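Just so it is clear, the structure is predicted and the values come from calculations on it, not from any experiment. We're numbering straight along the sequence, starting at 1.
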Amino acid sequence: MKSYANILIIPALVTLLMSCSVEERPRPSEEPCGDRLAVGLRYYEFGDGTTRTKAAATADYDRVELLVADDAGTVVGNIKAYYEKRDASVYIEGIRPGDYRLMIAGVRGDADGDGVSFAHAGSVSDVWISFPEGGVVGSEYFYSSTAFSVWPQDSPDGVVMVSDLPETITQERIIGRLDMTLNFRNQYTEWALLSAVAVLESPAFYTGLTVDGTFAGTTDGRAVTLDLMAGRSCFMVPTVEGGGSAGQVETVSRTYVGETVLREYGFTVEAVRANHITSVSVDSEHPDDGSGTMFITDKAYAAGGHGLILQDDEPYSIYTDKTLRNFNTARPLQVSVTGDELLSVRFYSPKPLEDVLIRARIPSVGNEYVDLAYFDSIPAFADFYGEIPALSAPGVYRTESGRIVELPQLTAAQLSDAEFRIVSGDPYWDKLSRIEHGWNIRFDLFGGDPTQADGKPQGNWMGIRPVHCREAVAFFLNFTYMIDMPEHEEILRANQDRLYGNGGVDDKVPVETVLAQMRQQRTINVGLVYPGNGVVGLGGGSTFGAWQAGWLEHYTSAYACEVMFHELGHVMGYSHNSSFTYGPWAQELMNRFYVNNISEMPVESSHWLDSRANPNIYK
């Protein structure tokens, strides 16, 4: 006696539904619904290139097509079917008693976009699925052919129709996958690729699949080009029996000194088989294979997942810790080797820096600087950590004079004595390099609490937030750049009779004294002033603070800069009797010079930080 997996309960003389379409419908009712077959779909995972794994996954197809053929091989019309994606099942209605074969094609992806079409076949020998001429597709295609029968059987409820169609069908791919692997001897040369293509010279792919699952037709053998920058794996229609192909990989890459490197490598690919992975491995060569210089392209930097400093989510316990967050405006790009033997590159800057070469002089191996690392660009407020090749293997390096030298594997102790020098062709670096008299900048809460909505004012202070710290970086980079501008010195000399000290207008202060005071190296604890008490700035000794609007508007507001320079006057040791607070230096000369010359400053615009639009400023 036959076992069965599906029961169709129908009156003996019912009229069957007639259709051959497959469509998505709402989830079927759980109640009996007449002459309906249901089958769940699964598919096998890819094999390893030689055998197919038996692991199977629940189907998640974007499109399903099906045909039913009778025992004579004729495709049956007048049936209706639909695919329910949520439960990965096909429902079929309108099947009369008889012996059949169910053919199902599943698509994960966009068949129309691939140029794959499904024909209205009349026989199992007809071509049902047509593939594009090039043989490369972006979607996955699955197929199954399952025999089943439907027959009537008496029951207490009347005549029931019984089927042995299995409850689940597991399908196989009718396409294969080609995996191209490029092997690099130096981790940085992989990121230096500009282009990489693989060319299959004369592959012969099948052009179609018949209803009964037989591959048919052959392409004309035209060359196929694969863009390996877009991906190293691609789906392919199977090649004809024994249809391997020769090919070549063509790469274009670069060196950190700007040279272009062209390479070609030959390979042979075996036949592409359905539901299998075909692998091709190519060993690449590059002039920098033996180099110890870290070549950090933008792609390599992005892949490293490096952090940023002074971001809005940085805890105040970190950004107010003077051991973790402090910098000198003459050295905003900090380079060091950590105790974990990593290269640390930290950048106190609202703007990125491009074309950055870090050279190192290592006393134990020589007196000449060598190229230790090159960055295509360093992001604003970068916090980079990277392994140093010199600590793991000997390497070839370019010296400052252009010589090529080979250095042995270095120790952490040797690198700890290294001196670093930064070279960049970026005009921004040219401006930063002109800051000769740097000030040390740190950040302080002065009792405030930035986690509170009002900053928890303490006296005339409130909690400074990262958005204000970043603006402080911009302001003090600009200020310490300004003090060495020739135009700045000129305006002081042109107004030297208006520069007076704490003794009043008759207490003249020479320009040389003013310049020396401005250029004196200082350590400043920067905070945020609470304006609720009528105070908008505080300064003196090592303390400097301004209210929020001052930090946001220093680029264009003469009044904001008047407050800033008033407090800088206090830092320089001057009282309210001097011209450096309530007088021409702060209220006319410096504030206007800063605003009028902002386009010449390192951070020339508020758009770099766009702090006005930051949701973390106080409301």
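Inter-residue side-chain proximity for Y188 and M294 is flagged as met; some heavy-atom pair is nearer than 4.5 Å. Counting heavy atoms from C-beta on, the side chains of T168 and P166 never come closer than 4.5 Å. Put simply, the side chain of T181 does not reach to within 4.5 Å of the side chain of V282, judged on heavy atoms.
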Derivation and outcome, side chain to side chain contact (heavy atoms under 4.5 Å, CB included), residues L102 and I92
CA-CA 10 Å; L102 171 63; I92 308 169; 3.9 Å; yes
How far apart are the C-alpha atoms of F46 and H276, what are their side-chain angles, what is the distance that settles it, and do they pass the ring pair (Phe, Tyr, Trp, His ring centres under 6.0 Å) test?
CA-CA 6 Å; F46 266 117; H276 287 72; 8.5 Å; no
Is there a side chain to side chain contact (heavy atoms under 4.5 Å, CB included) between I175 and N275? Walk through the geometry before answering.
CA-CA 6 Å; I175 48 91; N275 211 54; over 6 Å; no
Y61/Q171 under side-chain hydrogen bond (donor to acceptor under 3.5 Å, both in side chains): CA gap, chis, key distance, verdict:
CA-CA 12 Å; Y61 300 147; Q171 300 188 288; 2.7 Å; yes
Step-by-step side-chain hydrogen bond (donor to acceptor under 3.5 Å, both in side chains) determination, T58 to R42
CA-CA 4 Å; T58 300; R42 295 173 64 81; 3.1 Å; yes
Would L372 and T293 count as a side chain to side chain contact (heavy atoms under 4.5 Å, CB included) here? Give the steps.
CA-CA 5 Å; L372 184 67; T293 301; over 6 Å; no
Show your working on salt bridge (Lys or Arg N to Asp or Glu O under 4.0 Å) between D60 and R86 and close with a plain yes or no.
CA-CA 8 Å; D60 53 352; R86 285 175 293 182; over 6 Å; no
Check against ring pair (Phe, Tyr, Trp, His ring centres under 6.0 Å), F375 and F295
CA-CA 6 Å; F375 291 77; F295 184 11; 10.0 Å; no
Assess the residue pair M180 and V269 against the criterion (side chain to side chain contact (heavy atoms under 4.5 Å, CB included)); give the C-alpha distance rounded to whole Å, side-chain angles, the decisive distance to 0.1 Å, and a yes or no.
CA-CA 10 Å; M180 300 287 302; V269 60; over 6 Å; no
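Between the side chain of R177 and the main chain of C234, no donor-acceptor pair closer than 3.5 Å is present. Listed for the N616 side chain is no donor-acceptor partner under 3.5 Å among the backbone atoms of D312. Under a 3.5 Å cut-off, the side chain of Q311 and the backbone N or O of L308 do not form any donor-acceptor pair. Side chain of Y143 to backbone of V211: a donor-acceptor contact under 3.5 angstrom is found. Remark: the backbone N or O of D220 is paired with a side-chain donor or acceptor of E133 at under 3.5 angstrom. Using a distance-only test at 3.5 Å, with no hydrogens or angles considered, no donor-acceptor pair links the side chain of D114 to the main chain of V116.
Note that the CG atom of L609 and the CG atom of N614 stand 9.5 Å from one another [nearest 0.5 Å]. Distance check: E93 CD to N78 CG gives 13.5 Å after rounding to the nearest 0.5 Å. A distance of 4.5 Å separates CG in D376 from CG in D298, rounded to the nearest 0.5 Å. The line from OH of Y141 to CD1 of I174 is 8.5 Å long, rounded to the nearest 0.5 Å. One finds the OG atom of S392 at 6.5 Å from the CD atom of Q409 (value rounded to the nearest 0.5 Å). Interatomic distance, CD1 of I95 versus NZ of K80, reported as 13.0 Å (0.5 Å rounding).
Sorted by first then second residue, the salt bridge (charged side-chain N to carboxylate O under 4.0 Å, His left out) pairs that include residues 135-152, not counting sequence neighbours, are R108-E140, E140-R173. A ring-ring contact (aromatic ring centres under 6.0 Å, His included) check over residues 236-260, counting only residues at least two apart or in different chains, returns nothing.
Between R232 and D227 no salt bridge is recorded (no basic side-chain N to carboxylate O distance below 4.0 Å). Remark: D110 does not engage R63 in a salt bridge, criterion side-chain N to carboxylate O under 4.0 Å. Salt-bridge annotation for R254 and D288: absent, with no side-chain N of the basic residue lying under 4.0 Å from a carboxylate O of the acidic one.
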Using residues 192-206 as the side-chain source, report each donor-acceptor pair under 3.5 Å to any protein atom, sequence neighbours left out, with the distance given to one decimal.
{"residue": "Y206", "atom": "OH", "partner": "E241", "partner atom": "N", "Å": "3.4"}

Which atom pairs, donor and acceptor, lie under 3.5 Å between side-chain atoms of residues 339-360 and protein residues at least two apart or in another chain?
{"residue": "R346", "atom": "NE", "partner": "D383", "partner atom": "OD1", "Å": "2.9"}
{"residue": "R346", "atom": "NH1", "partner": "L324", "partner atom": "O", "Å": "3.1"}
{"residue": "R346", "atom": "NH2", "partner": "D383", "partner atom": "OD1", "Å": "3.2"}
{"residue": "R346", "atom": "NH2", "partner": "Y385", "partner atom": "OH", "Å": "3.0"}
{"residue": "Y348", "atom": "OH", "partner": "N326", "partner atom": "N", "Å": "3.1"}
{"residue": "S349", "atom": "OG", "partner": "K351", "partner atom": "N", "Å": "3.0"}
{"residue": "S349", "atom": "OG", "partner": "K351", "partner atom": "O", "Å": "2.7"}
{"residue": "S349", "atom": "OG", "partner": "Y428", "partner atom": "OH", "Å": "2.6"}
{"residue": "K351", "atom": "NZ", "partner": "P602", "partner atom": "O", "Å": "3.0"}
{"residue": "K351", "atom": "NZ", "partner": "E604", "partner atom": "OE1", "Å": "3.0"}
{"residue": "D355", "atom": "OD1", "partner": "Y374", "partner atom": "OH", "Å": "2.9"}
{"residue": "D355", "atom": "OD2", "partner": "G425", "partner atom": "N", "Å": "3.1"}
{"residue": "R359", "atom": "NE", "partner": "D371", "partner atom": "OD1", "Å": "2.9"}

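Under the side-chain hydrogen bond (donor to acceptor under 3.5 Å, both in side chains) criterion, S125 pairs with S123, not counting sequence neighbours. For N183, the side-chain hydrogen bond (donor to acceptor under 3.5 Å, both in side chains) partners are S281, D283, not counting sequence neighbours. Y100 meets the ring pair (Phe, Tyr, Trp, His ring centres under 6.0 Å) test with F148; sequence neighbours excluded. With sequence neighbours excluded, the residues satisfying side chain to side chain contact (heavy atoms under 4.5 Å, CB included) with R101 are M103, S145, A147. For S291, there are no side-chain hydrogen bond (donor to acceptor under 3.5 Å, both in side chains) partners, not counting sequence neighbours. Residues satisfying the salt bridge (charged side-chain N to carboxylate O under 4.0 Å, His left out) test with E314, not counting sequence neighbours, are R325. For R263, the side chain to side chain contact (heavy atoms under 4.5 Å, CB included) partners are T251, V261, Y265, E285, P287, not counting sequence neighbours. Here D212 pairs with T210, T214 under the side-chain hydrogen bond (donor to acceptor under 3.5 Å, both in side chains) rule; sequence neighbours left out.
Judged purely by distance below 3.5 Å, without hydrogens or angles, the side chains of D179 and S279 never pair a donor atom with an acceptor atom. In this structure, a donor-acceptor pair under 3.5 Å is present between the side chains of S149 and D99.
Residues F215 and P238 approach most closely at CZ-CG, 3.6 Å, considering heavy atoms. Between G134 and V224, the closest heavy-atom pair is O-CG2, 3.3 Å.
A parallel orientation is assigned to the rings of Y91 and Y82, their planes being inclined by less than 30° (bins at 30° and 60°).
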